[in-house]
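The structure under discussion is supplied below as structure tokens; questions concerning it will follow.
Naming convention: chains lettered A, B, ... in sequence-line order (proteins, then strands); numbering from 1 in each chain.
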Amino acid sequence: MGKNSERTEMNGTLSQNDQVRVRMAPSPTGYLHIGGARTALFNWLFAKHHNGKFILRIDDTDTARSTDESMREIYHALKWLGINWDEQYVQSDRKSIYEGYVEQLLESGNAYHCYCTPEELEEIRAQARVDKQTRSYDGRHRHLTSEDVDRFIAEGRKPTVRIKMPDTPIRVDDLILGSRNIDPDTLEDEVIVRSNGMPNYNLTSIIDDAEMQITHVIRGTEHLNNTPKQIAIANALGLNLPQFAHIPLVLDDTGRKLSKRHHGDLVAVNRYREEGYLPEAMLNFVVRLGWSYDDKQEIFSVDELIEKFDLERVGKSGSVFDIKKLEWLNSHYINQLDVAARTDAVMPFWEQEGLVDSNTKRDWLEKIVEAVGERLTTFQDIVPQTRYFFTDDFEYDSKAVKKWWGGSDEKKQKTCEILTNLQQILEEISAFEIETIESAIWKYTDENDIKRVAAMQALRIALTGTSFGPSLFDIVVLLGKDEVLKRIPKAIAHL
RNA sequence: GCCGCUAUCGUCUAGGGGUCAGGACAGAUGGUUCUCAGCCAUCAAACCGGGGUUCGAAUCCCCGUAGCGGUACCA
């Protein structure tokens with residue numbers, strides 16, 4: 001049973017034979033962001049769950065803002081996430097199709113030319129606000145005389161096309177939000193074709209949904225107010241309507257809608273790919289923004305999502321993008337990978353930093369990854385966490401130095417003594433292996449009444465520059481005897 | 001301004017007339033340990049407010065309030 005009984009009543013519209021067809025319709029005006037990725041994912045999961053088709057439609061009717069680069073970014077992000085599409089369309093290729101429908105609208109008297117200038121519209125809007133009007137455009141060019149038209153044309157004005165809104169209420173059924181009736185007085189005659197001849201979103205979207213036989217339009221609630229407009233256009237054209245499902249917005253930590261404009265590439269999917277997040281983690285994270293299965297499960301494989309995803313379990317309120325949760329999921333998925341796979345994933349980050357090249361021994365690298373163990377939140381973490389394996393050109397962390405090497409001369413003296421002794425002990429070990437080293441060091445600390453942690457931390461800082469990291473014995477062995485014996489004197493000199 | 005949507009721990013959410021309001025992330029504490037992470041244990045943390053309906057309301061209804069979205073010749 002769903003959380004909202006209103007929803008189930010509407011599912012009857014979909015008969016057994018109808019194949020589900022859904023679409024993701026981004027406008028190529030920037031990268032794909034977290035919210036867009038979630039819309040894509042919900043659509044894709046819905047299609048997969050119902051054995052239907054997922055269509056990618058590029059809504060690029062805003063030619064001024066659309067770019068090919070952005071289109072490629074979107075493809076790239078989607079592919080990385082594993083969201084593949086069955087069909088693809090680009091609206092700018094379909095201009096003539098829309099023109100046919102506009103013609104039809106004009107001929108049937110459901111649309112008309114509007115010669116208002118942008119300045120004029122600006123004034124109308126300002127006045128409507130002062131008058132506390134519900135709508136701004138008042139339909140003043142609905143009934144122009146031919147003299148008016150001639151005059152406007154003589155002035156060189158290029159018209160837009162506006163749809164005539166009906167004067168009866170429009171019923172909007174939404175699978176998530178339920179049903180409501182829209183008061184026609186709140187609707188104004190929308191521009192459906194710009195003065196430059198390019199059709200607008202509300203027109204092309206609903207035409208394509210019909211043309212492409214889209215059964216379910218799953219999109220963000222920022223489109224909720226567009227829905228009655230699109231329904232009105234479809235009705236005027238005698239087009240079949242899809243079912244609508246408006247999913248709540250993804251918000252930032254102040255509760256505002258995530259957007260490219262306000263959040264920059266902080267919300268770009270590709271950025272997370274570059275930083276070493278796993279697509280599985282991304283998908284798992286994003287799906288839980290607004291959707292839940294029960295009160296137990298947090299981790300879902302893609303197959304499980306396909307099996308379990310359901311619009312009925314999508315909530316109505318917005319959800320905040322919480323990077324901590326993403327990080328948790330990412331480290332979970334990273335830790336599922338075996339050492340070889342983790343090494344592969346981490347390699348580009350090492351190479352990018354110039355730490356590793358084709359001569360570096362794979363075997364050794366895998367051992368480093370193994371030593372790092374479950375400490376990675378993202379793959380790019382490998383760089384700060386392992387840099388010291390590749391170079392002795394690092395700073396000694398000042399806090400660590402103060403705490404473990406000593407703030408006082410007396411303590412420094414002691415540290416110096418310990419490191420000197422350790423150097424000697426390690427020098428005498430010929431078989432440089434964990435067990436041997438461990439027992440030698442424990443023997444030294446225990447016999448000389450030195451705290452294990454003091455000796456180990458002193459050595460750790462000498463070898464790595466920091467006070468934390470993998471098991472120190474692993475580090476010593478991986479660094480190798482020569483390197484270790486070089487770094488200790490260097491540290492002593494630094495004291 | 002106008003139109004609309006929403007409201008459970010800090011965050012994601014479960015529950016939908018009777019529950020000690022459950023889980024997860026984040027946080028705190030303790031244990032394990034050479035450190036960190038991890039792991040284990042424990043703790044803290046919520047039904048926006050006010051009215052109804054009812055034996056009983058977080059749950060149903062109404063009214064507020066707040067937040068957000070839209071308000072383009074963007075999508």
Could you walk me through whether A:R57 and A:E211 pass the salt bridge (charged side-chain N to carboxylate O under 4.0 Å, His left out) test, one step at a time?
-> CA-CA 12 Å; A:R57 191 177 79 208; A:E211 285 261 332; over 6 Å; no
If you take atom types as modelled and just measure distance, does the side chain of A:R129 reach the base of B:rC2 with a donor-acceptor pair under 3.5 Å?
->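 Per atom types, no contact qualifies.
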Are A:H141 and A:F152 an aromatic pair by the rule of ring centers under 6.0 Å?
-> yes
Calculate the interatomic distance between A:Q385 atom CD and B:rU35 atom C1'; express it in whole Å.
->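 Rounding to the nearest Å, CD of A:Q385 and C1' of B:rU35 are 13 Å apart.
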On a plain distance test, is the side chain of A:N226 in donor-acceptor contact with the base of B:rA75 below 3.5 Å?
-> yes
For B:rG70, take OP1 and OP2 only and decide whether either is under 4.0 Å from a side-chain N or O of A:T221.
->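 For B:rG70, neither OP1 nor OP2 has a side-chain N or O of A:T221 closer than 4.0 Å.
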Would you indicate what A:L289 reaches in the nucleic acid, counting non-hydrogen atoms under 4.0 angstrom: base, sugar-phosphate, or nothing?
-> sugar-phosphate
Mapping A:L251 and A:E190 to their closest nucleotides on RNA chain B, which lands nearer the 5' end?
-> A:L251
Just to confirm, is there a sub-4.0 Å distance from OP1 or OP2 of B:rG27 to any side-chain nitrogen or oxygen of A:K324?
->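 It does not, given that no N or O in the side chain of A:K324 lies less than 4.0 Å from OP1 or OP2 of B:rG27.
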Does the side chain of A:N200 get closer than 4.0 angstrom to OP1 or OP2 of B:rC74 through an N or O atom?
->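 Checking B:rC74 against A:N200, a side-chain N or O does come within under 4.0 Å of OP1 or OP2.
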side-chain hydrogen bond (donor to acceptor under 3.5 Å, both in side chains) partners of residues 319-329 of chain A, not counting sequence neighbours, each pair once |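 Qualifying pairs: A:E298-A:K325.
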Examine B:rG1: is either OP1 or OP2 under 4.0 Å from a nitrogen or oxygen in the side chain of A:R135? Give yes or no.
->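 No, outside the criterion.
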